[in-house]
Visitor: 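Encoded as structure tokens, here's the structure I'll be asking about.
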Amino acid sequence: MNAHAENIAQYNFAYLDEQTKRMIRRAILKAIAIPGYQVPFASREMPMPYGWGTGGVQVTASIIGPDDVLKVIDQGSDDTTNAVSIRAFFQKVAEVAVTTETGKASIIQTRHRIPEEPLKAGQVLVYQVPIPEPLRFLEPRETETRKMHALEEYGLMHVKLYEDIAQHGHIATTYAYPVKVEGRYVMDPSPTPKFDNPKMHMSAALQLFGAGREKRIYAIPPYTRVESLDFEDHPFEVQTFDQPCALCGGAGVYLDEVVLDDAGGRMFVCSDTDYCEKRQAEGHAGPTGSPGEGEVQ
Amino acid sequence: MDFEALAMEGGFARPVLEAQSAFRALMDALARPGTSMAGFPVPGPPAPLSPEAGAVALALCDPDTPIWLDAAMREENAVAAWLGFHTGAPIVAHAAEAHFAFVADPGDLIGLENFAQGSQDYPDRSATLVLQVASLEGGPALRLAGPGIETERAIAPRPLPRHFARQWEQNNARFPRGIDVLLVCREGLIGLPRTVRIHQQEG
């Protein structure tokens with residue numbers, strides 16, 4: 001404690017002041033008690049711009065303690081700008097241990113992916129959410145969307161999905177795919193690829209969602225039913241990939257396309273860097289990768 | 001004069017970190033209903049407010065959260081004075097105005113419907129009840145199911161409010177409106193969010 005007090009005297013622990021933390025903590029508890037419902041909260045200015053995960057950062061700052069181990073991912077990757085700067089932020093203001101290994105983290109803050117490795121009981125997944133309201137692009141008025149949630153009136157969302165089918169022959173929504181939580185609230189899972197939706201269902205981990213600009217917090221407790229909206233004749237399906245990861249050979253995981261040259265060369269690699277690195281370290285190799293070697297010739 | 005001196009004592013020794021630890025226990029308790037959380041730091045509030053209930057107050061209450069006290073708590077001026085000094089929360093006489101209720105004698109509690117249930121538009125504007133039970137064991141056997149519980153969980157706290165299983169059924173029926181309950185005692189803390197379904201076993 002004394003080490004904390006001396007080294008970060010210019011900030012309160014984890015940056016936020018105590019009254020703000022209490023307000024956010026109360027919002028988190030109500031969010032857990034009403035799964036999928038968006039609890040309004042008095043979002044603060046953070047030392048980073050909106051769109052950089054200020055909602056997720058405020059949630060993490062309110063729950064984190066000195067014993068936590070934090071992992072931060074941005075589109076599955078531990079080493080992109082957003083992930084690196086948020087990780088550095090918490091190292092500075094809370095002096096917590098950080099990791100890139102999914103299994104070792106107690107709190108994982110994420111921008112738009114769920115790790116491939118199944119989460120365990122006791123872990124907390126904190127999502128950064130840009131637009132928390134799943135109905136916002138269908139109905140711009142907050143007064144109306146609030147009423148729609150209150151009355152459980154979600155017909156408009158089904159019309160939207162139906163129009164996808166009418167136009168494209170299939171449901172063309174591929175990310176931020178709406179889900180119904182515990183049979184009641186329709187919720188935006190944040191812009192994760194729909195590939196990750198099934199991982200939310202009955203997850204052993206607690207999932208918290210923070211939207212800083214829109215000032216909303218919502219949650220999915222562990223072991224909660226999360227169903228992706230669909231139709232009997234057009235059931236929900238996740239993306240599939242024709243080939244395994246080029247580096248680790250992993251199949252059944254979400255892949256990113258990487259352009260290699262100007263001649264149309266490309267490869268597909270795991271979006272989850274920790275998962276990919278772990279598999280490579282175990283000796284798995286894909287068509288263009290070799291163990292321990294990230295670079296492709 | 002005496003109780004004023006008492007009021008200033010017995011806060012968290014390390015307010016920032018201990019409030020965080022206590023909050024994490026609360027968060028886990030509500031995320032995993034029926035699982036007893038123990039080992040979190042507790043302050044030293046004046047009786048009949050228990051140390052565990054005191055931890056809830058210090059972790060969550062401040063000038064934005066009106067508090068309601070049951071008769072046993074109201075009887076001791078020291079309780080309101082301690083809460084006032086350490087949290088700044090106003091004490092209200094009407095249960096419906098409170099964000100938090102601290103109850104020393106759950107067996108004698110007024111009906112759950114008297115507390116703020118939230119509205120259909122804003123179900124989060126509802127009360128959280130902190131019930132100081134004598135024990136988490138030895139009461140009528142309750143089976144819990146719902147979000148946060150993989151299959152089923154059994155608890156047997158005592159004492160509980162009158163006709164608790166019936167009252168809770170009505171609380172469930174009001175969803176998304178409804179109250180949330182925290183059961184606290186020396187052995188630990190159990191969360192009962194409004195989503196949990198409680199079945200009382202016969203006999």
Visitor: With only heavy atoms counted, which part of B:Leu182 is less than 4.5 Å from chain A, the side chain, the backbone, both or neither?
Guide: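 For B:Leu182, there is no contact with chain A at all, as no heavy atom is under 4.5 Å.
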
Visitor: Heavy-atom pairs under 4.5 Å with chain B are the metric here; pick the option from A:Glu182, A:Met202, A:Met23 that has the most.
Guide: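 Top option by heavy-atom pairs under 4.5 Å: A:Glu182.
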
Visitor: Between B:His86 and B:Phe12, does the ring centroid distance fall short of 6.0 Å?
Guide: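 Between B:His86 and B:Phe12, the centre distance exceeds or equals 6.0 Å.
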
Visitor: Where on B:Tyr122 is there a heavy atom nearer than 4.5 Å to chain A: the side chain, the backbone, both, or neither?
Guide: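 Both parts, backbone and side chain.
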
Visitor: Identify which of A:Asp67, A:Thr224, A:Ile220 forms the greatest number of heavy-atom pairs closer than 4.5 Å to chain B.
Guide: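 Most pairs with chain B among the choices: A:Thr224.
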
Visitor: What's the shortest heavy-atom distance between B:Asn171 and B:Gly178, and which atoms?
Guide: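 Smallest interatomic distance, heavy atoms only, reads OD1-CA, 3.3 Å.
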
Visitor: Heavy atom to heavy atom, less than 4.5 Å: which residues from residues 105-133 of chain A reach chain B?
Guide: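 Under the 4.5 Å heavy-atom cut-off, A:Ile107, A:Gly122, A:Val124 qualify.
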
Visitor: Give, as side chain, backbone, both or neither, the part of B:Ser119 having an atom under 4.5 angstrom from any heavy atom of chain A.
Guide: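 B:Ser119 has no heavy atom closer than 4.5 Å to chain A.
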
Visitor: Given that the side chain runs from C-beta out, which part of A:Leu208 has a heavy atom under 4.5 Å from chain B: side chain, backbone, both or neither?
Guide: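 For A:Leu208, the contact with chain B is made by the side chain alone.
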
Visitor: Please report the interatomic distance CD(A:Gln58) to CG(A:Leu16), rounded to the nearest 0.5 Å.
Guide: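 One finds 6.0 Å between CD of A:Gln58 and CG of A:Leu16.
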
Visitor: For chain B, which of A:Lys21, A:Gln38, A:Arg184, A:Lys147 has the most heavy-atom pairs under 4.5 Å?
Guide: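 Option with the greatest count: A:Arg184.
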
Visitor: Do the ring centers of B:Phe115 and B:Trp68 come within less than 6.0 Å of each other?
Guide: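 Centroid distance B:Phe115-B:Trp68: below 6.0 Å, so yes.
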
Visitor: Can you confirm whether or not the ring centre of A:Tyr15 sits under 6.0 Å from the ring centre of A:Phe89?
Guide: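 When the ring centroids of A:Tyr15 and A:Phe89 are compared, they turn out to be within the sub-6.0 Å range.
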
Visitor: At a heavy-atom separation under 4.5 Å, does B:Thr128 approach chain A through its side chain, its backbone, both, or neither?
Guide: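 Contact with chain A involves both backbone and side-chain atoms of B:Thr128.
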
Visitor: Report which part of B:Ala59 has an atom under 4.5 Å of a heavy atom belonging to chain A: side chain, backbone, both, or neither.
Guide: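 B:Ala59 touches chain A through backbone heavy atoms alone.
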
Visitor: Is B:Asp28 close to chain A through its backbone or its side chain, or both, or neither, when contacts mean heavy atoms under 4.5 Å?
Guide: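 No part of it gets close to chain A.
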
Visitor: Can A:Thr100 and A:Arg87 be counted as having a side-chain donor-acceptor contact under 3.5 angstrom?
Guide: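 No, no side-chain donor-acceptor pair sits under 3.5 Å.
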
Visitor: Quick one: are the ring centres of A:Tyr185 and A:Tyr218 less than 6.0 Å apart?
Guide: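 No - the distance between ring centres of A:Tyr185 and A:Tyr218 does not fall below the 6.0 Å cut-off.
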
Visitor: Can you say whether B:Ile149 sits under 4.5 Å from chain A via the side chain, the backbone, both, or neither, judging by heavy atoms?
Guide: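 B:Ile149 touches chain A through backbone heavy atoms alone.
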
